[in-house]
Colleague: 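Take a look at this one; I'll ask things after.
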Amino acid sequence: MIIDKIQLAGLDAYFQDPNNPGQINIAGQVTSRTKPLGKGKQLEISAIELLIESDSDLTDLFNFQPNPLFSITVMKEMFPAMFADPFRHRVHSIGGFEDFKCGTLENVKAMDIDGIPTIVSIGTGKVYWISPLYPMPESITINHASWELAASRKTPPENFKYSLKLLKFDSNHNLIQTVHLTNPNNPSQPGNLDPTKPRKAENFDLKDVGFYQIEFTADVKKDTAIYEKHTTLIGKSIGTPLLRAVNLLEPVESVYNIHSLQELLSLSAEYHLFENQGQPIKKMLVTLDLSATLVHSDYAKFMNNDPNDPICFTDPNSFYEFVEITVRTDKLKIVEAKLNGEVLTKSNGK
Amino acid sequence: MYQNSFFPLRTIVGNAIPIGKNSIRKVFESKESGALAMQYDFNLKASIVNTKTDPHYAHYLPIFVINGTTISPGEGMDTLPLPSNPRPFGNDAQVFSFFALSKKKATKDASRKLSARFTLQLPDNFLVGGICFGGFPYLFCSQLQTLSQGVNSANFGLPREVRLTCAGAKTADPKDTSLSFEFLDSDISATKQEVVSHSGFHFLCIDPTLTNVLTVHFSDYPIILTKTEFDTVAKKLSVTEYYGFIIPYFYVFEYKEKTRYRPIVSTGLLGTTTNNNIEKHPFANSIDYKHVIPRSGKTNYFDFTAASIFGQQRTYTIRNEVYDGKKPKGKVKEEFKECFISLKVNPKKNVVLYIEQGEEYERCVAGLKIFLPFIPEVALKEDVEQISAEIKEFYPDSPDIATLIENAPRKDLEKALRRFLKIPRDIDFCEKIGIRVYEIDPLEGVSPLEVPLESKYATLLAEKEIDQLPEISLALFLEGVKFVRPSNSRFFAVELTNLDDKPGQFVVKGMKLVQSAHVSVHPRAARSQQVRTLNFRIIGPNLAEDYALLGNEGFNFSIERFVAGERKGVLFRANSLMDLLHTGAAKIFSNARRRAVEFEKSEIYPAYEDDRLKYLVTGEYELEGGYRFTPNYEKRYSESRLEGWRRSETGHDVEGKADWKGIKQPGEFENIGNQELRTHTNILFPDASLPEWNTAAIFANGMSIIYDGGDVLNAVLTGNSSGLLLPTYKASDNSNVHQLAKGFSKYWKGIDKSTLKVTGNLSISQSPYGYSVSTGQVLDSLVRIFNASDPIAMASLGISLIGLLSTLMPNSPTQFALLLPTLNGLNLGLSLSAAGVGFVANPAPGTLLPSVSQNASSGSQGSITKQASKSGYSYSQFLNNSYDEGKGYTEIEGGEMKRVITRKEVPNTDRQRVKGAEVMWQGELADIITGSIPLNFTLPATAGKMHFRTSDDSLRVRFGSGVGKSISVDFWFDLTEEVIRDDN
């Protein structure tokens with residue numbers, strides 16, 4: 001079947017005061033979030049149209065303000081089961097033939113599996129790979145990690161066990177700290193996971209990282225399906241495709257932390273200033289470019305497990321895909337934000 | 001994301017390459033394999049027909065001991081019937097079989113550590129396309145493992161990892177004789193590793209590689225159950241397992257691209273699951289029905305396995321004595337034929353058969369045909385009457401089935417059906433069956449057996465309820481179980497559900513996957529596909545023959561896009577070659593055609609017509625007060641030599657050829673004529689070297705001088721013999737050249753000129769009544785006298801003659817020297833004298849009586865005759881025969897020939913054409929059309945999170961009238977696939 005794609009309209013298109021449903025004026029330091037999408041629904045956002053009105057001259061706000069005037073957050077399931085704002089994080093992706101082969105490989109081989117460079121176990125011994133040491137131009141913080149394994153989470157748990165570590169070094173290449181990514185409850189301690197477990201580690205906040213390295217070990221018990229051409233192996237059998245990539249998330253300043261109206265206008269496709277001769281500018285319309293596609297996620301987490309509970313719209317421990325706008329300044333009288341977007345709905349017949 | 005291509009119509013499997021028995025060696029075995037005392041064996045069979053029996057098979061079938069009773073495989077269990085057609089190779093292809101079984105039991109998980117490698121030496125360099133192998137479909141596997149882990153413990157006897165390495169491929173560098181594998185990054189190995197293998201043929205395909213040496217590496221061996229002991233009272237179970245593998249079919253094949261367009265798709269069984277209650281120990285209760293002959297002590301069992309649904313069905317023989325695996329003993333009591341019979345399934349419970357396409361590329365599958373025999377409870381009589389009427393329409397003399405079975409109890413009909421199917425009598429058919437067919441698209445690392453049918457990775461394709469006879473026949477024959485849309489999936493699940501209200505057993509006599517008549521691409525559950533291009537290739541010897549057609553059978557196709565409920569878009573349609581070419585989407589590589597029959601006229605240049613120049617070709621004439629043309633000429637130098645013979649015959653009995661009739665009739669062969677001939681003969685005097693004749697000549701010439709002195713004397717004085725009375729000639733005075741040869745020696749060629757001496761004649765006369773005649777002996781003796789070879793005879797004759805003469809002539813001499821001349825001149829006559837009448841022998845001749853004499857001459861005469869002739873008439877007709885052999889040699893030293901050639905078509909010969917030979921395909925002349933149509937649309941993964949307008953989106957290449965034999969057709973899609981990152 002086909003269900004038509006329609007333009008988001010009506011009250012649902014507006015950001016509303018969560019404490020005052022129906023109130024679309026979110027001035028007054030309100031944080032407003034889009035609602036969770038039901039299963040089968042998708043929202044494609046192209047822009048946010050803002051109506052900004054003030055009692056005072058808006059030109060005063062064209063200068064850089066120490067605190068942001070607005071913050072816009074896009075929460076996406078960037079990696080399976082990991083929700084983060086793609087505009088607020090830089091992703092370090094370690095993967096590919098060069099990263100794998102420049103590291104140290106024991107009982108593994110980097111192979112092209114279904115077109116993706118993958119570390120594949122060889123023979124039957126324990127598997128070990130350590131990446132090269134990556135220097136950063138300046139110290140960074142890494143707070144989340146997600147990794148891709150070739151095997152699905154539906155793979156039987158007894159097929160293999162693995163561990164993944166993030167190693168932090170100083171400028172003299174001395175190991176300072178180890179984060180055990182595969183021990184989500186206690187990253188400071190070693191831990192192994194099986195393929196059915198989530199492949200993420202969050203909020204471990206590794207600070208002042210000047211050099212880092214990734215270490216992967218695995219104990220493979222069973223093999224899986226492969227059909228590939230490769231260079232010849234003498235006397236060894238191919239095991240299981242394992243690691244494909246490790247993604248480290250580094251928090252960065254988002255462009256959508258808008259410190260001035262000048263920044264707002266520079267991010268916008270269109271704007272209109274309501275100017276009257278000799279009068280201060282008190283009203284403006286802005287179409288802020290923001291491209292995001294929101295979908296329903298099976299890993300969404302809600303406070304009280306109820307997506308309809310309004311507390312989800314503010315609770316920082318509710319994770320689902322949303323766009324959130326926070327008006328941080330108190331110098332505005334009216335802020336109305338409307339989403340420009342299209343809604344898609346699908347249904348798989350049973 | 002990776003590039004992929006989908007080839008639903010192509011096969012690359014060429015002929016099987018012959019491998020000699022001594023061409024395979026085991027070159028490696030892992031140490032774990034050695035530790036388990038793995039016994040490897042391999043043998044070569046001349047044909048797949050010879051794989052039906054092998055002494056190895058029995059070692060892979062388990063024995064069960066239940067409460068002390070030993071149940072071993074029955075007669076026929078240890079056979080391997082031929083796979084059903086179409087098979088990948090013909091019966092005349094040699095096939096290898098590999099076997100391995102450890103001597104030590106399997107006590108720990110060592111599968112992945114077991115491996116062996118074999119080297120195959122091919123008889124020559126072949127363009128290898130890969131290997132094809134197949135397992136033993138009837139091995140017992142652990143249901144627990146299947147249900148919990150999605151693996152088949154026995155894996156149909158196949159190692160889970162098979163690797164092929166082409167070691168013999170050479171580099172092409174003229175200065176180097178290295179092998180390709182000496183490049184450090186040469187991808188010369190291809191590995192196929194599966195979580196679970198199916199029961200049919202497997203293909204490990206590689207890029208076409210010219211090589212004569214291959215290496216095959218087997219690894220990750222399955223477990224073979226050989227014995228299980230149950231004690232149902234003590235609830236004790238023990239199993240005896242060994243590691244090993246069994247590969248009855250192993251081929252190496254050549255790479256050859258061909259079209260593969262036929263309804264049946266080769267398929268294999270992956271495994272079976274059920275949601276019916278089964279006991280939770282590994283081998284206690286299998287889904288396949290096991291028929292045990294009721295005996296005490298020792299007995300046999302017979303399996304009715306799910307793997308047999310595709311046609312490999314064993315024949316079992318039950319005798320009155322137990323079969324112990326050696327020679328059958330006892331009388332035959334019954335025969336069974338294997339098919340799939342399930343355990344007893346409770347109402348609303350199911351059995352699921354997981355199957356996999358068993359060809360080298362996935363095909364578009366439109367549905368399946370399945371034979372579920374049972375005697376329906378519903379509307380049986382009416383259905384039989386209807387079917388009987390339908391049969392009678394085509395076969396009027398057929399018996400009325402409805403009447404035959406009208407009053408037969410259902411139970412009897414079921415008995416008859418069991419007998420017809422050759423299955424045990426205690427089988428309780430399930431009579432209301434729900435069939436559902438799912439397409440399975442598992443994520444990576446997940447076995448297809450582990451995909452729940454209600455998950456988003458299983459897509460329902462067909463649903464059907466069978467409880468009536470027409471539905472049984474439809475499912476088998478006509479409609480089959482048709483899918484809602486064709487599927488390109490490799491894996492399917494066929495769920496049989498007991499919709500009846502009592503337990504029953506599913507009996508599946510046969511099942512086949514049926515290919516779609518068209519080619520299509522559809523969304524998949526676990527993969528997003530971006531369809532970039534549709535490519536096609538049409539090859540045939542007569543494609544470019546007529547632009548109004550595509551091949552001799554009028555092949556045509558159209559490319560259609562279906563999006564949910566919208567009107568379909570026809571992207572492309574081609575009913576003729578012109579349709580294909582005019583859009584620019586296709587290119588043709590064809591052999592040039594030209595007329596086979598043409599009229600050609602060649603005129604020498606310059607040519608004239610009505611006294612005027614017919615053509616004036618620029619540069620080929622000069623104007624010089626008229627027209628001047630350089631002449632046409634040819635300079636040749638030639639030598640030849642002929643040798644032969646001629647024969648002319650004429651005369652009586654010479655006849656010409658029988659078919660010379662009418663004006664060709666030659667008439668008599670004769671040579672006649674008349675002529676007036678005048679001759680002058682100069683008779684030659686004998687050679688003057690003969691004294692007797694020289695004397696005579698001197699005498700005659702002397703007398704002539706006396707009587708006619710002038711000329712003769714002059715001749716004597718001058719030596720000019722022409723004036724002599726007797727001109728003489730002496731050869732010795734003329735360089736020993738006889739007179740007959742003088743000035744004529746050339747013409748005496750072939751005759752000895754020394755014999756041409758003229759010697760004159762010697763005459764002998766005798767009386768016919770003389771002594772020498774009357775007594776031939778005396779004459780003979782006389783000859784011998786002068787031969788002087790018989791002096792005794794000579795003396796005897798002399799005495800006789802003397803005696804005779806003295807009687808006749810008293811005064812005759814008696815000396816022998818005077819005797820003969822006397823006898824020579826002796827005349828006999830009468831004489832009258834005074835003394836009276838007397839008989840007188842008188843040497844002087846007498847004339848009173850006629851003189852009768854016998855004359856003979858000897859000697860030689862010569863004459864020189866000059867003739868002049870005048871023909872009055874001459875006629876000659878000869879029959880000629882001749883034969884010539886010749887050798888010739890000609891050099892053309894130069895020449896110039898100017899011609900004007902005019903060509904015209906010959907009416908009614910336009911369709912006769914001759915093809916060029918520029919384009920070949922696989923060694924045959926062919927026209928080739930290739931093309932590609934950019935598509936660039938996306939088929940989303942239906943299990944993915946991202947939404948698209950619809951997932952009901954497909955592209956189909958529809959063949960209007962099938963493919964036909966005169967052309968080879970291939971359509972394939974270039975795709976970019978991405979496995980969805982859905983870890984749910």
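Since the model is a prediction, treat every value here as computed from it, not as a measurement. Note on naming: letters A, B, ... go to the chains in the order of the sequence lines (proteins, then strands), and numbering restarts at 1 for each one.
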Colleague: Name all residues meeting the side chain to side chain donor-acceptor pair (under 3.5 Å) criterion together with B:Q357; count only those two or more places apart in sequence or in a different chain, and write none if there are none.
Modeller: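 Checked B:Q357 against side chain to side chain donor-acceptor pair (under 3.5 Å); zero matches.
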
Colleague: Please look at B:L164 and chain A and tell me whether the side chain, the backbone, both or neither of the residue comes under 4.5 angstrom of a heavy atom of that chain.
Modeller: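 Interface part for B:L164: neither.
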
Colleague: Would you compute the distance between atom CE of A:M111 and atom OG1 of B:T191 and round it to the nearest 0.5 angstrom?
Modeller: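 Going from CE on A:M111 over to OG1 on B:T191, the span is 6.0 Å.
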
Colleague: Taking it one step at a time, do A:I238 and B:E161 satisfy side-chain contact (heavy atoms from CB on, under 4.5 Å)?
Modeller: CA-CA 8 Å; A:I238 290 182; B:E161 178 178 327; 3.9 Å; yes

Colleague: Identify the two heavy atoms, one from A:S121 and one from B:R112, that lie closest to each other, and give their separation to 0.1 Å.
Modeller: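 Looking at all heavy atoms of both residues, the shortest contact is OG-NH2, 4.3 Å.
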
Colleague: Only counting residues at least two apart or in another chain, list the ones meeting side chain to side chain donor-acceptor pair (under 3.5 Å) with A:E202.
Modeller: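 A:E202: side chain to side chain donor-acceptor pair (under 3.5 Å) contacts with A:K200.
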
Colleague: Taking the side chain as everything from C-beta on, heavy atoms only, tell me whether A:K222 gets closer than 4.5 Å to B:S111.
Modeller: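 Result no, sub-4.5 Å side-chain heavy-atom pair not found.
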
Colleague: So A:D223 and B:R160, do their side chains get closer than 4.5 Å, heavy atoms only?
Modeller: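 Not in contact.
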
Colleague: Heavy-atom pairs under 4.5 Å with chain B are the metric here; pick the option from A:G123, A:G239, A:A81 that has the most.
Modeller: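 Max contact count across the listed options: A:G239.
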
Colleague: Search all heavy atoms of B:V446 against all heavy atoms of A:K154 and return the closest pair with its distance.
Modeller: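 Heavy atoms of B:V446 and A:K154 come nearest at CG2-CB, 3.2 Å.
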
Colleague: Let's test your reading of the structure: which of A:V220, A:T196, A:N159, A:L149 forms the most heavy-atom pairs below 4.5 Å with chain B?
Modeller: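 Going by pairs under 4.5 Å, I would pick A:V220.
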
Colleague: What's the shortest heavy-atom distance between B:F203 and A:Y227, and which atoms?
Modeller: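 For B:F203 and A:Y227, the tightest heavy-atom pair comes out as O-OH, 3.6 Å.
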
Colleague: Could you check if a side-chain atom of A:S152 sits within less than 4.5 angstrom of a side-chain atom of B:Y457, using non-hydrogen atoms only?
Modeller: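 Side chain of A:S152 against side chain of B:Y457, heavy atoms only: no contact under 4.5 Å found.
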
Colleague: Would the distance check show the side chain of B:Q193 and the main-chain N or O of A:T224 forming a donor-acceptor pair, the cut-off being under 3.5 Å?
Modeller: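 Yes: the side chain of B:Q193 pairs with the backbone of A:T224.
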
Colleague: Report, as yes or no, whether the 6.0 Å neighbourhood of atom NZ on B:K26 holds more than 12 heavy atoms from other residues, nucleotides or ligands.
Modeller: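 Yes, enclosed.
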
Colleague: I'd like to know whether NZ of A:K161 has more than 12 heavy-atom contacts from other residues, nucleotides or ligands below 6.0 angstrom.
Modeller: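 Counting other residues, nucleotides and ligands, NZ of A:K161 exceeds 12 neighbours.
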
